[in-house]
Structures are given as structure tokens and as C-alpha cells.
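Quick notes on the structure that follows.
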2 protein chains.
Amino acid sequence: MPRDLFIDGVPELLMLRLLARKEMYGYELVSEISKRSNNVFTFGEGCIYPILHRLVRQKELSVRKDTVSGRSRRYYKLTKLGTKRLTTLETSWSNVSRGVESFGKELGHAT
Amino acid sequence: MPRDLFIDGVPELLMLRLLARKEMYGYELVSEISKRSNNVFTFGEGCIYPILHRLVRQKELSVRKDTVSGRSRRYYKLTKLGTKRLTTLETSWSNVSRGVESFGKELGHAT
DNA sequence: CGACAACACCTAGAAGTTAGAGGCATGTCA
DNA sequence: TGACATGCCTCTAACTTCTAGGTGTTGTCG
């Protein structure tokens with residue numbers, strides 16, 4: 001089965017949006033994204049974790065280890081760089097989104 | 001340099017939208033997309049041609065050779081399969097687009 | 001004539017992202 | 001004890017776009 005189109009970059013954007021509000025752990029992000037999007041976006045853990053690791057590597061997220069009821073968790077939080085990254089992604093998304101929409105409109109209104 | 005985000009599938013979508021109106025040739029598509037999008041999207045030939053070839057391979061486009069003022073051109077046109085493909089892409093784009101927007105609104109990220 | 005831009009097509013390979021499958025370990029509850 | 005949900009992680013495959021090149025023709029300008 002071919003991968004879903006137009007998804008490129010969306011997981012990262014949604015993750016950063018959530019993390020901009022409060023720190024969260026990986027598993028939590030997975031279920032929160034599904035829930036908040038009404039199952040429109042159902043990214044698995046194999047999708048979320050690599051992105052998390054990359055963002056940490058790029059110093060856009062910071063990690064805090066904690067243990068809750070015997071289970072170790074890694075809480076991720078935005079750094080200043082991460083905030084900039086989010087802004088960049090929002091701008092980028094906005095450009096592409098409006099670009100595609102207006103492209104469609106131009107074609108629809110032409111006679 | 002990292003690849004542009006959120007672009008995945010967009011070239012194909014725009015190409016199909018244009019080809020749904022009239023047959024066009026590769027070089028024409030390249031410049032038309034740049035022009036129509038006010039240079040928001042500037043896909044090079046190396047991006048357009050492989051997609052064209054794949055769509056023909058999948059029988060979603062048909063080709064017609066022609067020679068205009070001494071220059072040979074390959075005109076591409078949508079087949080019935082191609083029309084279905086366009087519908088699929090439009091739906092897919094719509095889902096992702098609305099998903100991201102509503103996800104943003106819930107969080108208070110309205111622009 | 002000779003050089004050069006514009007036109008028109010094409011390929012190969014790299015880069016980057018998501019998806020799937022699976023492996024661990026812990027705590028709870030019947 | 002066994003079954004199950006929670007929570008973390010890795011590896012590999014698959015997919016798409018992008019860069020950088022290559023080929024050949026036409027028209028133009030000095």
C-alpha cells in the first residue's frame with residue numbers, strides 16, 4: 001500500500017504544536033494526535049519516535065526522564081530552537097496550503 | 001539542503017489539475033506551474049518528467065507526439081483512470097488540509 | 001559563419017520522510 | 001499463573017522529490 005500523500009512534515013508539525021503547550025512523552029503524543037484529530041491522523045510509534053529523536057539531536061527538543069508508577073517516561077519539551085522550528089513549519093505549511101488552494105481557485109474561475 | 005516540507009504529492013496534484021483542462025507538454029507544465037502559483041511552486045524539469053512518466057506507466061495519462069515549428073513535443077492528457085486519480089488526490093489533500101487546520105484551531109493556533 | 005540562449009526531452013542518484021513489524025520490560029487483574 | 005495494556009525503542013523498506021547532469025534542435029545576433 002502506497003504511503004499517504006501530502007503527509008510529509010505533518011507529524012512533526014502536529015507534534016511541535018502539542019509540545020508547545022506542555023511537555024509530553026512519546027506514547028502520549030501518539031494517542032493524543034489520534035484523539036485530537038478524530039482519527040484523521042493515526043501516526044504509529046514507529047513514526048513518532050524517530051522524529052522525536054531527530055528533534056532532540058537538532059536541539060529543538062529537550063528530554064527529561066521521569067518515573068511514574070514504576071514506568072520510566074521521557075518527557076519532551078520545546079527549546080527556543082524548537083519554537084523557531086515550529087514557526088518555520090507553520091509558515092511553510094501556510095505557504096503550501098494557500099498555494100494549493102489558490103491554484104485550484106484560479107483554475108476553477110477561469111472560463 | 002533539506003527538502004521542502006509539505007510538498008509530497010503537490011507536484012502531481014497540480015499537474016493533474018492543469019491536465020484536466022487541456023493537454024500540455026512537459027516544459028509547458030514546468031513554466032505554467034511557476035507562473036500560476038506566482039513562483040510559490042517552482043518545480044524543475046527533473047521533478048516533473050519522472051512524475052509524467054510514472055503516470056503514463058500507470059495509464060493515468062496518455063501521450064501524443066507532435067511537432068510545432070520544428071520542435072517535437074509530447075502532449076499529455078488525462079485518461080479516465082487519471083480523472084479518478086485526480087479525484088483521489090483532491091480528497092486526500094482536502095482531508096489532510098482540513099485536518100491540520102482544525103487541529104491548529106483547537107489548540108488556538110489560528111493565524 | 002560561429003556562438004549562444006532558449007526550447008524540449010530525459011536519466012541517475014541522493015536525500016529525506018513515514019510505515020510496519022517486532023523486541024523488551026513493568027504493573028495490574030482475574 | 002497467564003493475559004493484557006502501558007511505555008519505550010530499533011531496524012528496514014518504501015516512497016517521493018530534488019539536484020545535477022546529458023542530449024539535440026531552433027532561432028538570433030555579432
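Reckoned from all heavy atoms, side chains included, excluding hydrogens, waters and symmetry mates.
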Between B/R85 and B/E12, does at least one N-O distance fall below 4.0 Å, as a salt bridge requires? yes

note: A/I7, atom CD1; D/dT17, atom P; distance rounded to Å ~ 14 Å

Just by distance, with hydrogens left out, do B/R98 and B/S94 show a side-chain donor and acceptor under 3.5 Å apart? yes

Separation of atom CZ in B/R64 from atom P in C/dA8, rounded to whole Å: 14 Å

Look at all strands and tell whether B/E45 reaches a base, only sugar-phosphate, or nothing, counting heavy atoms closer than 4.0 Å. base

Find the distance A/K65:NZ to C/dA25:P and express it as a whole number of Å. 16 Å

d(B/L81 CG, B/L86 CG) to nearest 0.5 Å is 12.5 Å

Looking only at non-hydrogen atoms, find the nearest pair between B/F41 and A/V96 and report the distance. CZ-O, 3.7 Å

Any luck finding a side-chain donor-acceptor pair between B/R74 and B/Y76 under 3.5 Å? no

Can you tell me how far P of D/dT6 sits from CD of A/E32, to the nearest Å? 14 Å

Give a yes/no on whether any side-chain N or O of B/H53 is located under 4.0 angstrom from OP1 or OP2 of C/dC9. no

Quick check for you: among C/dA19, D/dT17, C/dA8, whose closest atom lies nearest to any side-chain atom of A/F43? C/dA19

Please determine whether a side-chain nitrogen or oxygen atom of B/R74 lies at a distance below 4.0 Å from atom OP1 or OP2 of C/dC9. no

Mind checking A/Y75 for me? I need base, sugar-phosphate or nothing, with any heavy atom below 4.0 Å counting as a touch. nothing

Measure from the side-chain N and O atoms of A/S92 to the backbone N and O of A/T88, and report whether any donor-acceptor pair falls under 3.5 Å. no

Rounded distance in Å - CZ (A/F41) to P (C/dT18): 12 Å

Return the nearest nucleotide to the side chain of A/I51; candidates are C/dT11, C/dT18, D/dT6. C/dT18

Below 4.0 Å: OP1/OP2 of C/dT11 and any side-chain N or O of B/Y49: no

B/E28 CD - C/dC9 P separation (whole Å): 9 Å

Would you mind classifying the nucleic acid contact of B/G44 as base, sugar-phosphate or nothing, using non-hydrogen atoms under 4.0 angstrom? nothing

Looking only at side-chain atoms of A/R71, point me to the closest of D/dT17, C/dT26, C/dA19. C/dT26

Could you check how far CG of B/D8 sits from P of C/dA19, rounded to whole Å? 10 Å

Need to verify one output field. Residue with the more 5' nearest nucleotide on DNA chain C, B/Y25 or A/P50? B/Y25

Hey, does B/G70 reach any base, or is it just sugar-phosphate, or nothing, if we go heavy atoms under 4.0 Å? sugar-phosphate

Report yes if a side-chain nitrogen or oxygen of A/R54 is closer than 4.0 Å to either non-bridging phosphate oxygen (OP1 or OP2) of C/dT17; otherwise report no. yes

With a 4.0 Å limit, can you tell me whether B/R73 has a side-chain N or O closer than that to the phosphate oxygens OP1/OP2 of C/dA8? yes

Grab the CG-C1' distance between A/L52 and D/dT10 for me, whole Å please. 14 Å

